[in-house]
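Here's a structure for you.
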Amino acid sequence: MIKKFVYGNYQYQYQLIKQKRKSLSLTIKPSKEIVVKGPLDIDLYKVEQFLKRKWFWMNKQLDFFDRVNKKEYKREYVSGESLLYLGRQYKLVVKSAKADSICLFRGVFEVRTSKSVKNSSYTKILIDRWYKEKTVVVFEDRFEKMKKLFPKNNDLVLELRNMSKRWGSFLKGKKVSLNPKLIHASKDCIDYVLIHELCHIKYRKHNKLFFACLDKKLPNWKKVKEKLEYKYS
C-alpha cells in the first residue's frame with residue numbers, strides 16, 4: 001500500500017509492505033522508490049516515528065541516487081569522466097592510437113581508440129565491449145569459487161541477464177542469473193549476490209531457514225548487502 005510521510009517542508013510517498021517479521025526495515029531503490037517493510041500488525045504512528053529517525057539517511061540516499069541518475073544520463077564518454085570497475089573508481093582518459101585497446105593503471109581507465117577522441121559513440125562501444133568481456137571472466141571465476149560452498153551442486157549454470165530491479169535470481173533448472181551491472185561492485189558484493197541465490201537451491205522463500213543458510217555461508221552478509229544497495233545501486 002502507498003502511504004504519505006510528511007516531515008517539515010518535505011513530503012514523501014512510500015510503499016508499506018506488511019509481512020511476518022518483528023522489525024521495520026527501510027530501503028531506497030535506485031529509482032528513488034521508498035519501501036518500508038514491517039510486521040502485519042504495525043501501527044502507522046510507529047512507521048512515521050521510524051521514518052523520522054531515518055529521515056537524514058533517507059534524504060541523503062535520495063540525493064545520492066538523484067546525482068547518480070543525472071550523471072549516468074549525461075555521460076559523454078570523454079576524458080575526465082569517472083568509471084566504476086569492481087568497486088573502484090577510475091578516471092577515463094581517451095587517447096588516439098593505431099589500434100583499439102583498454103588498460104587500467106593507477107586509477108586511470110585508459111581507452112586507446114583508432115577513431116577520433118571526439119568520437120564518443122565509438123569510445124562507448126569499446127568500453128561496453130571491454131566491460132562485457134571482463135564481466136564474463138570475473139563472474140565465472142566468482143561463481144566457481146562460491147559453488148564450492150554448496151557441495152553436490154556442480155551442475156549449476158550461470159547466465160548474465162539484464163534486470164531493472166534485481167542483482168540476481170535463481171531459476172528453475174539450477175540456473176543462477178546475475179545482473180551485468182554487478183561488475184561495477186566490489187568482489188565481496190558479487191560473492192554476496194551469488195551466495196544469496198545459491199541458498200535458494202534448498203530454500204526458495206526468504207524464511208528463517210534461508211537466512212540461517214546465508215548466515216552460515218557468509219556471516220557478514222548484512223554489511224555487504226548494505227554496501228551493495230547504498231553504494232552501487
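Residue indices begin at 1 and follow the sequence shown. Both backbone and side-chain heavy atoms feed into the values below; hydrogens, waters and symmetry mates do not.
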Would you please name every residue forming a side-chain contact (heavy atoms from CB on, under 4.5 Å) with Leu84, sequence neighbours left out? Gln89, His184, Tyr232
Given the rule in the side chain to side chain contact (heavy atoms under 4.5 Å, CB included) test, do Tyr7 and Leu51 qualify, once you have shown the distances and angles that lead to the verdict? CA-CA 9 Å; Tyr7 190 61; Leu51 289 174; over 6 Å; no
Transitive ILVMFWY side-chain link Leu40 to Ile42, under 4.5 Å: no
Phe170 and Leu198: CA distance, side-chain angles, deciding distance, side chain to side chain contact (heavy atoms under 4.5 Å, CB included) verdict: CA-CA 7 Å; Phe170 180 76; Leu198 290 170; 5.5 Å; no
Same hydrophobic cluster for Leu26 and Leu44, using side-chain heavy-atom links shorter than 4.5 Å among ILVMFWY?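 Hydrophobic grouping puts Leu26 with Leu44.
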Interatomic distance, Ile201 atom CD1 to Leu156 atom CG [nearest 0.5 angstrom]: 4.5 Å
Residue pair Tyr10 / Leu62, side-chain heavy-atom distance below 4.5 Å: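 Side-chain contact under 4.5 Å: no.
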Cation-pi check, Lys217 onto Phe150 ring (under 6.0 Å, within 45° of axis):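 Pair Lys217/Phe150 counts as cation-pi.
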Report the C-alpha separation of Val176 and Phe139 in whole Å, then their side-chain angles, then the decisive distance to 0.1 Å, and conclude whether the side chain to side chain contact (heavy atoms under 4.5 Å, CB included) test is met. CA-CA 11 Å; Val176 174; Phe139 284 11; over 6 Å; no
What distance do Ile34 atom CD1 and Gln15 atom CD have between them, rounded to the nearest 0.5 Å?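 Answer rounded to 0.5 Å: 11.0 Å.
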Is Phe143 linked to Val136 within one hydrophobic cluster, defined over Ile, Leu, Val, Met, Phe, Trp and Tyr using a side-chain heavy-atom separation of less than 4.5 Å?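 Yes, it is one cluster - the side chains of Phe143 and Val136 are joined through contacts under 4.5 Å.
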Which residue in the set Lys95, Arg112, Glu110 passes side-chain contact (heavy atoms from CB on, under 4.5 Å) when paired with Ser101?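 By the side-chain contact (heavy atoms from CB on, under 4.5 Å) criterion, Ser101 pairs with just one of Lys95, Arg112, Glu110: Arg112.
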Between Met163 and Ser169, which heavy-atom pair has the shortest distance, and what is it?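 Here Met163 and Ser169 meet closest at SD-OG, 4.1 Å.
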When you compare the side chain of Leu171 with that of Glu159, does any pair of heavy atoms fall below 4.5 Å? yes
Taking Val137 as the starting point, is it possible to reach Trp130 by hopping between hydrophobic residues whose side chains are less than 4.5 Å apart? no
Interatomic distance, Leu228 atom CG to Tyr192 atom OH [nearest 0.5 angstrom]: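 Between atom CG of Leu228 and atom OH of Tyr192 there are 7.0 Å.
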Apply the hydrophobic cluster definition, ILVMFWY joined by side-chain contacts under 4.5 Å directly or through others, and give me every member besides Val108.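 Val108 clusters with Val93, Phe105.
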Provide the closest heavy-atom pair for Arg161 versus Pro180 in the form atom of the first, atom of the second, distance. O-CD, 3.4 Å
NZ-CG distance between Lys145 and Leu194, expressed to the nearest 0.5 angstrom: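 Answer for the NZ-CG pair, Lys145 versus Leu194, is 11.5 Å.
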Taking only residues at least two apart or on different chains, which pairs with a member in residues 39-55 satisfy side-chain hydrogen bond (donor to acceptor under 3.5 Å, both in side chains)? Tyr12-Trp55
Can you give each donor-acceptor pair under 3.5 Å made by side-chain atoms of residues 120-127, sequence neighbours left out, with the distance rounded to 0.1 Å?
| from | atom 1 | to | atom 2 | distance (Å) |
| --- | --- | --- | --- | --- |
| Ser121 | OG | Asn119 | OD1 | 2.9 |
| Tyr122 | OH | Asp100 | OD2 | 2.3 |
| Thr123 | OG1 | Asn119 | O | 3.3 |
| Lys124 | NZ | Asp128 | OD2 | 2.6 |

Taking side-chain contact (heavy atoms from CB on, under 4.5 Å) as the definition, give me every residue that meets it alongside Glu144, ordered by chain and number, with sequence neighbours left out.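 side-chain contact (heavy atoms from CB on, under 4.5 Å) check on Glu144 returns Glu140, Lys147.
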Interatomic spacing from NZ in Lys134 to CG in Leu86 - rounded to 0.5 Å: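 These two atoms lie 9.5 Å from each other.
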Which pairs would a plain distance check flag for residues 204-216, meaning a side-chain donor or acceptor within less than 3.5 Å of a matching protein atom at least two apart in sequence or in another chain?
| from | atom 1 | to | atom 2 | distance (Å) |
| --- | --- | --- | --- | --- |
| Arg204 | NE | His200 | O | 3.2 |
| His206 | NE2 | His196 | NE2 | 3.2 |
| His206 | NE2 | His200 | NE2 | 3.2 |
| Asn207 | OD1 | Leu209 | N | 3.2 |
| Asn207 | OD1 | Phe210 | N | 2.9 |
| Asp215 | OD1 | Trp221 | NE1 | 2.6 |

I'd like to check Val47 versus Tyr14 (side-chain heavy atoms, cut-off strictly below 4.5 Å). Are they in contact?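 Yes, side chains in contact.
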Smallest heavy-atom separation, Ser96 atom then Val117 atom, equals OG-CG1, 3.4 Å
State plainly whether the residues Lys187 and Asp191 are in salt-bridge range, i.e. N to O under 4.0 Å. no
Without swapping roles, check the side chain of Ser79 against the backbone of Val94 for a donor-acceptor pair under 3.5 Å.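 Yes, because the side chain of Ser79 sits within donor-acceptor range (under 3.5 Å) of the backbone of Val94.
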I'd like to know whether Leu149 forms a side chain to side chain contact (heavy atoms under 4.5 Å, CB included) with Leu218, so could you lay out the CA-CA distance, the side-chain angles of the two residues, the decisive distance to 0.1 Å, and finally the verdict. CA-CA 10 Å; Leu149 299 176; Leu218 189 66; over 6 Å; no
Nearest 0.5 angstrom please: Lys225 NZ to Trp167 CH2, how far?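 Lys225 atom NZ to Trp167 atom CH2 measures 12.0 Å (nearest 0.5 Å).
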Heavy atoms only: give me the nearest Pro39-Leu24 pair and the separation to one decimal.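 Reported closest heavy-atom pair: CD-CD2, 4.5 Å.
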Side chains of Asp188 and Lys227: closer than 4.5 Å at any heavy-atom pair?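 Touching, per the 4.5 Å side-chain cut-off.
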